[in-house]
Amino acid sequence: MTDVTTQRVHFRTCTLCEAMCGLRIETRDEEVRDIRGDPDDPFSRGHVCPKAAALADLHTDPDRLRAPVRRTAGGWEAVPWEAALDEVADRLHATQTAHGLDAVAVYLGNPNVHNLGAMVFAPLILRGLRTKNRFSATSVDQLPHMLASYLMFGHQLLLPVPDIDRTDYALVLGANPIVSNGSLMSAPGIRDRLSRVRARGGRIVVVDPRCSETARVADRHLFIRPGTDALFLLSLLEVVFERGARLGRLAPLCERLAELRAAAAAFPPERTAPHTGIAPDALRTVAAELLATRAALVYGRVGACTQEFGGLTAWLIDALDLVTGHLDEPGCMMFAKPAVDPLVELGGLGVGRGSYRRWHSRVRGLPEFGGELPVAALAEEVLTPGDGRVRALITMAGNPVLSTPNGRQLDRALRSLDFMVSVDCYVNETTRHAHLILPPVSPLERPHYDLALHLLAVRNTAKWSPPLFDPPAGSKDDWQIAIALHRRLMARRYGRRSAEALKASLLERLGPERVVDLGLRLGPYGRGCGALPSRRRRGLSLRALRDAPHGVDLGPLVRALPGRLPKRPPLGPGKPRRYIDLAPQPMLDDLRRLAARYPDGQRAEPTTVLIGRRQLRSNNSWMHNSARLMRGADRCTLLVHPDDAAPLGLNDADAVEIRSRVGAVVAPVQITRDIMPGVVSLPHGFGHERDGARLRVARAHAGVSVNDLTDDAMVDALSGNAALSGVPVEVRRRS
Ligand SMILES: Nc1nc2c(c(=O)[nH]1)N[C@H]1C(S)=C(S)[C@@H](COP(=O)(O)OP(=O)(O)OC[C@H]3O[C@@H](n4cnc5c(=O)[nH]c(N)nc54)[C@H](O)[C@@H]3O)O[C@H]1N2
Ligand SMILES: Nc1nc2c(c(=O)[nH]1)N[C@H]1C(S)=C(S)[C@@H](COP(=O)(O)OP(=O)(O)OC[C@H]3O[C@@H](n4cnc5c(=O)[nH]c(N)nc54)[C@H](O)[C@@H]3O)O[C@H]1N2
Ligand code: SF4
Ligand SMILES: [Mo]
């Protein structure tokens with residue numbers, strides 16, 4: 001017998017962040033030999049970041065779970081799939097029977113968005129559970145943008161995307177794409193895209209409490225006091241209205257311009273400058289530039305969302321793009337036209353238009369959005385006795401102990417649950433509390449298509465990624481776990497032969513691949529739609545994508561309005577129609593909260609406030625177990641301005657205690673002029689010292705969790721989103 005080795009080259013999309021880089025992966029038998037950028041990918045053209053190579057580490061990580069485990073007094077023990085799934089279904093069913101449907105809560109984490117099977121089928125188990133206690137990472141992230149889109153355009157997913165490849169002016173608030181690689185803006189190789197803006201004479205202006213990596217490559221950086229973006233934007237609007245707002249082509253669609261104008265009139269630049277720290281002249285310059293540039297855009301992200309006035313901020317960004325005549329125009333904020341369109345509802349599989357305030361959280365009365373409650377309320381829903389208390393929890397691809405505010409309180413809450421199950425690949429800070437963990441296959445063992453991210457991409461493309469490796473015998477993908485659980489739950493609730501149980505079996509047979517195929521065929525470039533150049537006239541299908549392993553380019557963003565707006569009941573009497581509400585009532589109402597928080601004629605408070613920070617070789621909380629990403633100096637440092645460090649007698653690398661209302665952590669200091677005086681910054685995703693987690697590399701680089709300081713009581717009352725930015729803290733030297 002001779003040894004036969006098989007060497008192969010695979011092409012696929014990276015599933016780690018929103019950039020959707022095309023990868024070229026070489027394998028020899030079951031081993032990954034090399035991961036690099038695919039130069040023939042029409043979207044990313046060879047770009048990758050250091051995280052791509054870590055996909056191989058994830059695949060081989062000895063700490064990654066390969067089979068279900070149950071927590072026992074003596075440690076974790078392996079359980080066969082069938083027994084594990086039965087036990088989970090029994091426990092969840094028993095909890096709901098004894099205490100009501102809402103006694104079981106669900107938390108869905110960020111990687112679900114990067115997971116085809118979970119995108120298609122996770123909503124199913126949620127619907128099957130019929131609990132009002134649904135939570136997700138949305139409410140520590142982009143919820144304000146979704147609320148703004150829902151209220152203004154009528155659909156939570158009509159999210160404007162920067163047409164960065166054609167813009168001549170980008171005003172960027174609270175985003176650091178040079179490090180994050182872009183968010184609600186899939187734009188692989190963003191550094192090159194930004195430098196091309198400048199090369200063609202365009203300008204980039206960054207508004208951020210830190211001179212971020214993106215600010216460093218911009219033309220101008222304006223420091224802003226954390227949490228005050230809404231004030232800055234209102235003043236920009238005020239100036240724009242003074243100089244002459246223009247709605248352009250969209251004017252006939254826009255409602256309530258007068259109300260928007262009246263709202264902005266109360267916030268001239270002199271009124272807001274003492275709070276934002278941005279001088280009226282600097283603000284007026286930005287307003288003038290926005291009005292004078294045809295292809296200009298205003299874009300905001302995590303820093304603009306995760307603050308006390310995130311909802312207002314998201315609204316005002318879209319409003320500013322509208323009244324400067326920039327929405328839905330080339331080089332401005334536009335809407336993508338994805339090959340599989342999540343706005344098209346496929347027999348209940350799609351994402352709905354959204355909903356708001358249909359119910360409120362039991363303890364604090366925070367508002368529902370899109371069927372979910374704000375995750376800042378999860379711990380109190382578990383810890384507060386009474387009817388409707390949460391007693392069991394499912395987490396799927398989430399690590400809320402490290403990623404949501406007041407992680408220590410959530411730790412306590414999870415410990416007190418009657419039952420918890422996690423669908424996750426690791427025993428980490430969150431899943432260590434689970435009674436059972438159900439692990440999916442590795443990312444290289446599943447096919448992939450980005451159902452969500454093409455909706456947020458700066459160019460229309462499509463790509464199918466086949467799996468590199470066959471999944472090990474008996475393993476399950478996330479969607480198979482979700483359906484297996486759903487089927488069992490439905491059988492326990494309604495009987496084995498019920499319509500619900502049969503529907504679940506049917507979907508199991510359908511699988512995500514066929515859903516993608518159907519979505520492609522029914523989509524805007526599908527078979528017979530005629531929108532494609534002649535050589536692709538036959539239209540897109542899964543087969544067509546399989547024949548194009550590097551992906552298919554579908555062209556730059558195109559104007560989408562009014563066609564993409566859903567028809568909805570008008571603000572006054574009349575038949576449903578397509579329109580844009582420039583001044584949604586809940587937003588106007590929330591301005592009172594803003595005005596009260598930042599009174600006229602007063603200066604900013606002197607308190608020190610905390611903001612977060614992303615780093616290139618991190619991915620939220622869960623890539624810290626890759627040794628190659630963790631090499632080098634300690635990254636979990638507190639940035640402090642020299643003017644703040646001096647009175648405390650601090651030198652670089654000194655240990656400081658940082659204390660907030662909810663907790664305290666100790667971290668080394670890094671003194672830098674990049675941070676605004678009065679502001680300190682700690683990266684998020686660290687805090688791996690907690691006992692019981694099984695992440696050996698991460699533990700060796702434990703750091704501390706910024707979310708042991710962020711406060712669950714600090715939310716944007718309008719959207720319910722956590723206010724992770726601008727948390728009041730005290731910093732003290734550790735003697
Ligand atoms: N390398 C890496 N890439 C990632 C991730 C990661 O963890 N690591 N995470 C991914 C995820 S889930 C997301 S959502 C995206 C997020 O991507 P981005 O939205 O680009 O997020 P950040 O890099 O956190 O940038 C937020 C910026 O807001 C600033 N900021 C903080 N508070 C305020 C404020 O009050 N006002 C203003 N104007 N600015 C403020 C911060 O200083 C920071 O520079 O990144 C994704 N990509
Ligand atoms: N202070 C502060 N907090 C923040 C942020 C911030 O900027 N500052 N950013 C927020 C943002 S934008 C986000 S998106 C959230 C993220 O919050 P989460 O989604 O709760 O946290 P992650 O760190 O992304 O954890 C992902 C989990 O999914 C698991 N996982 C990875 N891939 C898969 C998979 O394919 N299947 C399954 N089943 N599991 C998988 C990992 O093991 C890990 O447990 O954090 C938020 N928290
Ligand atoms: S930028 Fe994002 S998508 Fe591209 S290689 Fe890095 S992690 Fe993957
Ligand atoms: Mo995120």
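Both counts, for ligands and for their atoms, begin at 1 and track the order of listing. The basis for the numbers below is simple: all heavy atoms, side chains too, and nothing from hydrogens, waters or symmetry mates.
Contacts between Arg446 and ligand 2 below 4.0 angstrom, taking non-hydrogen atoms only, involve the side chain exclusively. Both the backbone and the side chain of Ser621 come within 4.0 Å of ligand 2, counting heavy atoms alone.
Against a heavy-atom cut-off of under 4.0 Å, Gly109 is close to the following atoms of ligand 2: 19 (O). Heavy-atom proximity to Asp141, at under 4.0 Å, picks out these atoms of ligand 2: 12 (S), 14 (S). The Tyr426 neighbourhood of ligand 2 comprises atoms 42 (O), with distances under 4.0 Å to a heavy atom of that residue. For ligand 3 and Met20, the ligand atoms under 4.0 Å from any heavy atom of the residue are 3 (S). Short contacts between ligand 2 and Pro400, defined as distances under 4.0 Å to a heavy atom of the residue, involve ligand atoms 20 (O).
Residue Ala667 comes nearest to Ile658 through the heavy atom pair CB-CD1, 4.1 Å, listed as atom of the first residue, atom of the second, then distance. Across Tyr299 and Ala175, no two heavy atoms sit closer than the pair CE2-CB, 3.6 Å.
Note on Arg661 versus Asp712: salt bridge recorded, some NZ/NE/NH1/NH2 to OD/OE distance being below 4.0 Å. A salt bridge links Arg696 with Asp63: the distance from a Lys NZ or Arg NE/NH1/NH2 to an Asp or Glu carboxylate oxygen falls below 4.0 Å. In this structure, Asp61 does not pair ionically with Arg66, as no charged nitrogen and carboxylate oxygen lie closer than 4.0 Å. In this structure, Asp38 does not pair ionically with Arg45, as no charged nitrogen and carboxylate oxygen lie closer than 4.0 Å. Ion pairing between a basic and an acidic side chain is recognised when a charged N comes within 4.0 Å of a carboxylate O; Arg36 and Glu26 show no such pairing. Salt-bridge annotation for Asp553 and Lys463: absent, with no side-chain N of the basic residue lying under 4.0 Å from a carboxylate O of the acidic one. A salt bridge links Asp165 with Arg193: the closest approach of a Lys/Arg side-chain nitrogen to an acidic carboxylate oxygen falls below 4.0 angstrom. Salt bridge absent: Arg432 and Asp424 never bring a charged side-chain N and a carboxylate O closer than 4.0 Å.
Protein heavy atom nearest atom 16 (C) of ligand 2, with residue, atom name and distance: Asn620 ND2, 3.8 Å. Atom 19 (O) of ligand 2 has Asn110 N, 2.6 Å as its closest protein atom, hydrogens excluded (heavy atom only). From the protein, the heavy atom lying nearest to atom 9 (N) of ligand 2 is Arg614 NH2, 3.1 Å. In this structure, atom 36 (N) of ligand 2 lies nearest to the protein heavy atom Asp478 OD2, 3.0 Å. Among protein heavy atoms, atom 10 (C) of ligand 2 sits closest to Val140 O, 3.3 Å. Looking at atom 30 (N) of ligand 2, its nearest protein heavy atom turns out to be Cys425 SG, 3.7 Å. The closest protein non-hydrogen atom to atom 29 (C) of ligand 2 is Asp424 OD2, 3.2 Å.
Atom 5 (C) of ligand 2 has its nearest heavy-atom neighbour, among His684, Glu429, Arg613, Met623, in His684. With Leu610, Asn399, Asp477 as candidates, the residue nearest to atom 25 (O) of ligand 2 on a non-hydrogen basis is Asn399. Of the candidates Leu108, Thr430, Asn707, Asn619, the one placing a heavy atom closest to atom 1 (N) of ligand 2 is Asn707.
Not a single heavy atom of Pro443 lies less than 4.0 angstrom from ligand 2. Within the structure, ligand 2 has Ser403 among the residues with a heavy atom less than 4.0 angstrom away.
Residue Asn428 places at least one N or O, backbone or side chain, under 3.5 Å from an N or O of ligand 2. Of the polar atoms of Thr404, none of the N or O atoms is found under 3.5 Å from an N or O of ligand 2, judged by distance alone. Checking only distances, Val706 never comes within under 3.5 Å of ligand 2, N or O to N or O. Ligand 2 has no nitrogen or oxygen under 3.5 angstrom from a nitrogen or oxygen of Thr710.
Annotation: the span from Ser183 atom OG to Leu456 atom CG amounts to 8.0 Å, rounded to 0.5 Å. Note that the CD1 atom of Ile675 and the OG atom of Ser212 stand 10.0 Å from one another [nearest 0.5 Å].
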Inset, instruction - Mind running side-chain hydrogen bond (donor to acceptor under 3.5 Å, both in side chains) on His47 and Asp192 for me, showing each step along the way? - result: CA-CA 10 Å; His47 173 81; Asp192 293 343; 5.6 Å; no
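A donor-acceptor pair under 3.5 Å links the side-chain atoms of Ser465 to the main chain of Thr13, judged by distance alone.
Just one residue in the list Leu194, Asp208, Ile190, Val179 forms a side-chain contact (heavy atoms from CB on, under 4.5 Å) with Thr214, and that residue is Leu194.
For a distance threshold of 2.8 Å, the protein N, O or S atoms nearer than that to atom 6 (Fe) of ligand 3, listed by chain and number, are Cys49 SG.
Ring centroids of His486 and Phe121 are separated by 6.0 Å or more, keeping the two rings apart. Taking the six-membered ring wherever Trp is involved, the centroid distance between the rings of His701 and Phe686 does not fall below 6.0 Å.
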